[in-house]
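Worksheet: the structure to be examined is printed underneath.
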Amino acid sequence: MSETITLKIDGREITVPQGTTILDAAAQLGIEIPVICYHPHLTANGLCRVCSVDVGWRVQAAACVTQCANGMNVETHSEDVCRGRRTILEMLAATVELAEAPEILALLQEYEADESRFAAGERRTAPIHDDNPFYIRDYNQCINCWRCVQVCAEDAQYTFALSFDGRGFHTQIGTFMNKGMTDTTCVFCGQCVGVCPTGALKPKRQLLLEQGWDPDSIFEATRRKRKKT
Amino acid sequence: MTTEPIDLTLLEPVLQRYHGRRRDALLPLLHEAQAVYGWLPETVQEAVSKTLRVPLADIHGVIEFYTMFYNRPMARTVVRICEDVACQLAGCEAIHKAVSEKLGLQHGEMSEDGAIAYERVPCLGMCEHAPNALYGDKPAGDLTVTAVDDFLAGTYPEPAAKIYGEPKLKLFRVGQMDPLSLDDYLAHEGYVGLQNAMQHTPEEIIQWMDASNILGRGGAMFPVGNKWKFTRAAPGTPAQKHIIANCDESEPGTFKDRGLMEEDPFSLVEAMTLAAYVVGAENGWIFIRGEYPRSHKRLLNAVEKARAAGYLGKNILGRAGFHFDIEVRLGAGAYICGEETALFEAIEGKRGFPRIKPPFPTTHGLFHQPTAINNVETLVAALAVARIGWEAWAAYGTDDSKGTKWFCLSGHVNRPGLYELPFGVTVRELIEMGGGVKDGRAIQAVLVGGAAGRFLSPAELDYPLTYASSRNHAFPIGSGVVMVIDDQTDMRHTLYHLAHFFAHESCGKCFPCQIGTQRQMEILHHINHNGGPQPGDKERLLDVGFTMTETSLCGLGQTAAAAIVSAINLWPELVE
């Protein structure tokens, strides 16, 4: 595409090819817009909304999915933009366990989010699913970024082992009738574990090492003896 | 309930009919399968998966999304009693208590013999009949505790229409004809509008629409002329374009489209055919919420009869090459599917997650093809213009807001109902037409525009209901909701129920709405139930409200705090 777009981001002019997102254009200027759900190799769905910026519209726009337009005047860190980001982070911190999500923890600090502000609210909890030798699923740490669902489906693997339980606040990643992974179409490719931004999906070996197991015991516990014929 | 083995042979005749169809047949097939078993057992889901070639996980996700699909054993008859704002104002908790005690069931439970189940449900769109309920497919209104026995026996009479106002440009057939009879429809100026329109080019009709200034009546106020123009201009053949009637009316306080669909369903079929003629589209879809069984039946009947008589199908009204047909789709309990892109997802057999816009439906709608999706009242307004001419239409209303509007008057008024009135009537005049406030009480507040609208104080009742007035006084016309709240009402209770609705209906896609609707509800819950507000509650509510409004992905989240924030602005002491 030859057509270009010229716009201003935080007062600085930039010209980009048509179709460029605000997130990418800002990055070219060295302006970092925070993201949580966004992953450069996956379909952007605009879920977490912490990348929301002011583009002079009726409401803010998610930078990861909004394309640059001629004459656009983007504010990436205005007071209102930061108010929204801080509130999303505060609400998220009161919803799920973020101890193993260092990037989100850094954002909480950067935006001076008060993690205790909504602490009286319900947390989204779930039992830990330890149903296969390869990885565990701890949805107490799941932020619903959809990355695992996407890599399992059209974004990569076309395996379709994952979908959702529930709706609204009570949405969680789920399998067909809550079956363990070995009873689903999962092929244990590991891509979901690779893209998980928190500790929700974790290699079982890593978990056991963290718990102080030594490699030999882990081998004993997780591998079946090869059948000799 | 014993866990009897599931006899899959019962499903075979259904599956036969769906063989070779694709994912977009998922919701209809799940409805049919559930009609066979009363719920959707695992083996049935597997059979559905094989037939439509949809992944099992996706079928699971869809069933989990829609509250009227069950992947656990469920009774044949589900008693659904509304728990939302208008019914709360009418004292619905007494009905809930009586039904719950009589059946010995809590919300979501079914009787031991598996015959009956009881649910508290969001707004059933029968606010003029509050408190209201569904006994299976049978609607019931103006329930009283003494009527609960009849209601649970299935012998309580169905509610009769409460439709008022003048001039009835869109509702003139109500009460004058049998809503099931095409002949009767034809005897009452049926298809006059379409025949008039077909004497003119689509471009001329778009000019009529522009001159009539018909804005989207679902609440988004998009000009119908532009929507049809853009869809007509979008690349694609008529076989690749769609007309959708958005019949997923679910905004608490809103019941206007139900009135039309129940009493004059043929006019919606004709109005959609008019839209098809103007846009150049061959595919029509009616997507109707699962909680409107009576509208669903009557629309199905209307579509079938229109098709049998040649009003749908090939070469309509003898015009060579004018082909158009309509498929009726039933939702399954998800307010979000009234959001146009979520509605597309639902027809396509997916969870009702709204899409990112742009691209817009006029170029990338259903199946990512050009789609004109309109509210029921919008379509019928366009048909009225085609029938009487835009000059006659524009003679009513104001310069800025031409013609008539349907208003849903509910709450503490003597004569709640659907009122068709010219734009320009004031809120106070409308309430007076409705017989004034019940028991002669004073007004504390009026909720206008819907649950996503705003509260007016008693000092604001002389605002005219027009688009200009709505801009000047910062209130939405929305879906035409005017809900009267008397001075005896605990506003905190009302705010909590509004918040509860949005938390229940958030789809869970974007973070601010998914979590924000929950936090908003929790704060209002403890203000309401645990001894009033605590320090910081007001700031928390305003931050959550601001964040949902500014950063949510779709209109649900963007308006989920609107009414609540408006109440905080008017009466800060409620949360301080």
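Throughout, a chain's letter reflects where its sequence line sits, starting with A, and its residues are numbered from 1.
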Checklist entry - Which one, B:E46, B:Q558, B:H526, B:Q45, leads in non-hydrogen pairs under 4.5 Å with chain A? => result B:Q45
Next on the checklist: Counting heavy-atom pairs under 4.5 Å with chain B, which one of A:V149, A:V59, A:L92 comes out on top?
Outcome noted: A:V59
Next on the checklist: Here's a test for you: under side-chain contact (heavy atoms from CB on, under 4.5 Å), which of A:R124, A:M91, A:H170 qualifies with B:Q518?
Outcome noted: A:H170
Next on the checklist: What part of B:F65 gets within 4.5 angstrom of chain A, counting heavy atoms only: side chain, backbone, both, or neither?
Outcome noted: both
Next on the checklist: Strictly distance-based, threshold 3.5 Å: is any side-chain N or O of A:R49 a donor or acceptor partner for the main-chain N or O of B:T551?
Outcome noted: yes
Checklist entry - Can you say whether B:L556 sits under 4.5 Å from chain A via the side chain, the backbone, both, or neither, judging by heavy atoms? => result neither
Next on the checklist: Heavy-atom pairs under 4.5 Å with chain B: which of A:G46, A:G166, A:S52 has the most?
Outcome noted: A:G166
Checklist outcome for this item: Shortest non-hydrogen pair, A:F164 vs B:H60, comes out as O-CD2, 3.7 Å
Checklist outcome for this item: Between B:F511 and A:I143, the two heavy atoms sitting closest are CZ-O, 3.0 Å
Item to check | B:K357, NZ: over 12 other non-hydrogen atoms inside 6.0 angstrom | outcome: yes
Checklist entry - Would a distance-only check, ignoring hydrogens and angles, find a side-chain to backbone donor-acceptor pair under 3.5 Å from B:E64 to A:D165? => result no
Checklist entry - Do A:T95 and B:R519 have side-chain N/O donor and acceptor atoms under 3.5 Å apart? => result yes
Checklist entry - In this structure, are over 12 heavy atoms from other groups packed under 6.0 Å from A:E103 atom CD? => result no
Item to check | Partner chain A: residue of B:M521, B:E539, B:H525, B:R540 with the largest heavy-atom pair count (under 4.5 Å) | outcome: B:R540
Next on the checklist: Using heavy-atom distances under 4.5 Å, tell me whether B:H504 contacts chain A through its side chain, its backbone, both, or neither.
Outcome noted: both
Checklist entry - Checking A:S163 against chain B: side chain, backbone, both or neither under 4.5 Å from a heavy atom? => result both
Item to check | Structural part of B:I356 lying under 4.5 Å from a heavy atom of chain A | outcome: side chain
Item to check | Proximity breakdown for B:F502 and chain A, heavy-atom pairs closer than 4.5 Å | outcome: neither
Checklist entry - Under a 4.5 Å heavy-atom cut-off, does chain B meet the side chain of A:W146, its backbone, both or neither? => result side chain
Checklist entry - Tell me, side chain or backbone of A:A94 under 4.5 Å from chain B's heavy atoms, or both, or neither? => result both
Item to check | Per-residue contact mode, B:R355 against chain A (heavy atom under 4.5 angstrom) | outcome: neither
Item to check | Side chain, backbone, both or neither of A:A62 within contact of chain B (heavy atoms, under 4.5 Å) | outcome: neither
Checklist entry - So which part of A:L162 gets closer than 4.5 Å to some heavy atom of chain B, the side chain, the backbone, both or neither? => result backbone
Checklist entry - Below 4.5 Å, heavy atoms only, C-beta onward: do A:T171 and B:R351 meet side chain to side chain? => result yes
Checklist entry - Quick one: do B:D543 and A:R86 make a salt bridge, cutoff under 4.0 Å? => result no
Checklist entry - If we only count heavy atoms from C-beta on, is the A:F160 to B:V54 side-chain gap below 4.5 Å? => result no
Next on the checklist: Does any backbone or side-chain atom of B:S552 lie under 4.5 Å from a heavy atom of chain A? Answer side chain, backbone, both or neither.
Outcome noted: backbone
Item to check | Inter-chain contacts: residues 176-189 of chain A against chain B, heavy atoms under 4.5 Å | outcome: A:F176, A:M177, A:N178, A:K179
Checklist entry - side chain to side chain contact (heavy atoms under 4.5 Å, CB included) between B:E550 and A:D80: does it pass, once the steps are laid out? => result CA-CA 9 Å; B:E550 281 285 323; A:D80 279 355; 5.7 Å; no
Checklist entry - Which region of B:I523, side chain (C-beta onward) or backbone (N, CA, C, O), has a non-hydrogen atom less than 4.5 Å from a non-hydrogen atom of chain A, or is it both or neither? => result side chain
Checklist entry - Top residue by heavy-atom pair count (under 4.5 Å) with chain A, among B:T549, B:T517, B:I515? => result B:I515
Checklist entry - Does any heavy atom of chain B fall under 4.5 Å from the side chain of A:E122, the backbone, both, or neither of them? => result both
Checklist entry - Do A:R167 and B:T67 pass the side chain to side chain contact (heavy atoms under 4.5 Å, CB included) test, and can you show the C-alpha distance, the side-chain angles, and the key distance before you say yes or no? => result CA-CA 9 Å; A:R167 189 170 81 186; B:T67 57; 3.7 Å; yes
